[in-house]
There are 2 protein chains.
Amino acid sequence: MSPAEKPAPAPAPKSRLSRELVLSAALALVDSEGLEALTMRRLGQELGRDPMSLYRYAENRAALLDGVSELVLNELEIVPDDPDWQAQLRRIAHCLRELALRHPNVVPLLVTRPLSTPLGLRPLGTLRPLEQILALLIDAGFGPADALHVYRAYYGYLYGHILNELQEFIVDPEENEALLRLGLHRLPPKEFPRLRALAPVLADYDGMSELDEGITILLTGLAARLSPTA
Amino acid sequence: MSPAEKPAPAPAPKSRLSRELVLSAALALVDSEGLEALTMRRLGQELGRDPMSLYRYAENRAALLDGVSELVLNELEIVPDDPDWQAQLRRIAHCLRELALRHPNVVPLLVTRPLSTPLGLRPLGTLRPLEQILALLIDAGFGPADALHVYRAYYGYLYGHILNELQEFIVDPEENEALLRLGLHRLPPKEFPRLRALAPVLADYDGMSELDEGITILLTGLAARLSPTA
DNA sequence: GGGACTTATCTACAATGTAGACTGTAGGCG
DNA sequence: CGCCTACAGTCTACATTGTAGATAAGTCCC
């Protein structure tokens with residue numbers, strides 16, 4: 001690809017800037033160095049441009065963050081006319097999970113930004129999954145209102161699971177267990193007996209199957225309560 | 001220095017500072033003006049003290065944020081020896097939900113901060129709910145590992161629901177519906193037909209009962225899969 | 001009083017987001 | 001060609017932020 005990848009600033013691939021370029025550079029930066037590394041100056045330097053030029057492509061830093069989370073969400077593929085809605089929802093769930101594991105630093109954005117933007121004003125890319133899942137459910141025979149309920153329960157659980165898993169993940173995958181033990185060891189034994197005892201179990205967390213089981217429970221429960229009138 | 005009091009802020013209730021004082025002032029500030037209003041300088045002024053004095057009670061701004069979320073989580077009451085574990089979990093869920101509605105601006109902290117702190121190193125107050133719920137489940141007859149599974153599914157869903165509800169809530173409770181319609185109206189009709197059609201349903205969201213149903217489904221599902229060996 | 005703490009303040013600095021004026025360059029139109 | 005307008009990118013400047021480090025102000029025990 002490019003002739004030189006250096007740890008120091010990428011000099012200047014002097015082509016015209018574009019929103020996509022800016023956003024994907026931003027994403028790359030967040031992925032590799034975390035959210036707080038994404039400053040205007042730093043991103044500018046990464047692109048070999050003046051920081052101020054970024055404002056051509058995102059009104060704010062906040063808008064830039066929105067752009068990044070939109071970009072990530074676009075990686076999520078949904079097939080809205082799958083006849084087997086349960087299977088499709090399951091697939092989406094795993095897809096989103098993997099996406100979150102691929103971009104852990106973006107997850108805070110995904111869950112936080114919508115809290116500061118009323119639903120109608122969000123970036124379109126952010127709303128697309130909602131629309132598509134609604135389509136999926138309605139096509140499967142649910143009434144619109146029921147579809148919304150299913151969506152909420154489903155997506156709620158999904159996001160919750162991702163947060164859970166990322167919380168327990170975090171650290172260097174190797175020393176995971178050691179560090180965990182160490183950390184737990186710090187807890188006062190009288191107050192946290194069960195948690196401390198669970199160290200070994202905590203250490204090997206199979207997020208994938210845990211998610212799958214949860215989804216199964218939810219879906220069968222939901223399907224029993226509100227069955228599509230197909 | 002003349003004893004000039006500034007017009008707006010609370011002047012100076014000149015007593016000795018304390019961690020509790022600082023944290024609750026911080027919480028009050030966040031509640032009333034949002035997260036980004038919580039700067040060291042502003043909090044100092046709110047307490048009538050020099051901003052630097054705060055560092056006596058919290059190492060960082062980050063630590064301060066941790067303190068705030070710990071403070072909020074302490075409002076959560078758990079009765080770890082309730083024999084009816086399902087009822088207790090349900091109660092906790094509603095309690096946490098109301099707490100989130102009472103402190104919506106803190107929710108980003110609750111879900112985000114743990115992502116940047118390995119489990120073992122979190123503020124104790126943050127881990128207490130985990131320990132107590134584990135106690136509840138184990139006392140109810142679950143094996144420790146199963147208890148952990150139940151906890152994860154339960155807490156995951158719970159957090160997810162709260163995020164969901166807060167996203168749709170947000171705006172001024174009054175013009176909620178109007179604003180919502182307006183926002184949705186902006187969406188391209190071809191791409192977002194179902195979402196647009198759902199405007200009225202979206203407008204009256206009964207988070208409380210929605211949460212309750214979800215919890216029911218999850219708990220019965222979980223109980224069926226892993227029953228306590230009582 | 002006189003030390004030995006703790007608590008609070010002052011000063012100073014580097015880093016951030018961003019407004020506003022400025023410069024260049026590319027095209028359209030006579 | 002020469003001029004004009006539009007836009008991409010840059011420069012400078014400023015207010016705000018978190019926080020290190022030195023300094024003062026209490027506070028308590030002998």
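Convention: sequence-line order gives letters A, B, ...; per-chain numbering from 1. If you're wondering where the values come from, they're calculated on a predicted model, not measured in any experiment.
Considering only side-chain atoms of B:M52, the nucleotide from D:dT19, C:dG20, C:dG17 that sits closest is D:dT19. Closest to the side chain of A:T39, out of C:dT18, C:dT9, C:dT16, is C:dT16. The side chain of B:R16 approaches C:dA8 more closely than any other nucleotide in the set C:dG17, C:dA8, D:dT10.
Between the side chain of B:S116 and the main chain of B:R113, a donor-acceptor pair closer than 3.5 Å is present. Remark: side-chain polar atoms of A:R97 are not paired, donor with acceptor, to backbone N or O of A:C95 under 3.5 angstrom. Side chain of A:R194 to backbone of B:E131: no donor-acceptor contact under 3.5 angstrom is found. With A:N105 contributing its side chain and A:L35 its backbone, the two residues share no donor-acceptor pair below 3.5 Å.
The interatomic distance linking B:L54 (CG) with D:dT17 (C1') rounds to 14 Å, in whole Å. In this entry the distance linking CE of A:M40 with P of D:dG9 reads 14 Å, nearest Å. Atom CG of B:L17 and atom C1' of D:dG26 are 14 Å apart (whole Å). In this structure, CZ of B:R19 is placed 14 Å from P of C:dT7, rounded to the nearest angstrom.
For A:R42 and A:E33, the salt-bridge test passes: some basic side-chain N is under 4.0 Å from an acidic carboxylate O. Ion pairing of B:R91 with B:E77 is absent here, as no side-chain N (NZ or NE/NH1/NH2) approaches a carboxylate O to less than 4.0 Å. A salt bridge is absent between B:R152 and A:E165; no separation between the charged side-chain nitrogens and carboxylate oxygens falls under 4.0 Å. Contact check on A:R102 versus A:E98 returns no salt bridge, with no Lys/Arg side-chain nitrogen under 4.0 Å from an Asp/Glu carboxylate oxygen.
Non-hydrogen atoms lying under 4.0 Å from DNA chain C are contributed by nothing in residues 23-38 of chain B. Near DNA chain C, meaning a heavy atom under 4.0 Å away, the residues from residues 56-65 of chain B are B:R56, B:Y57.
Checking A:P51 against B:Y55, the closest nucleotide of DNA chain D that is more toward the 5' end is the one next to A:P51.
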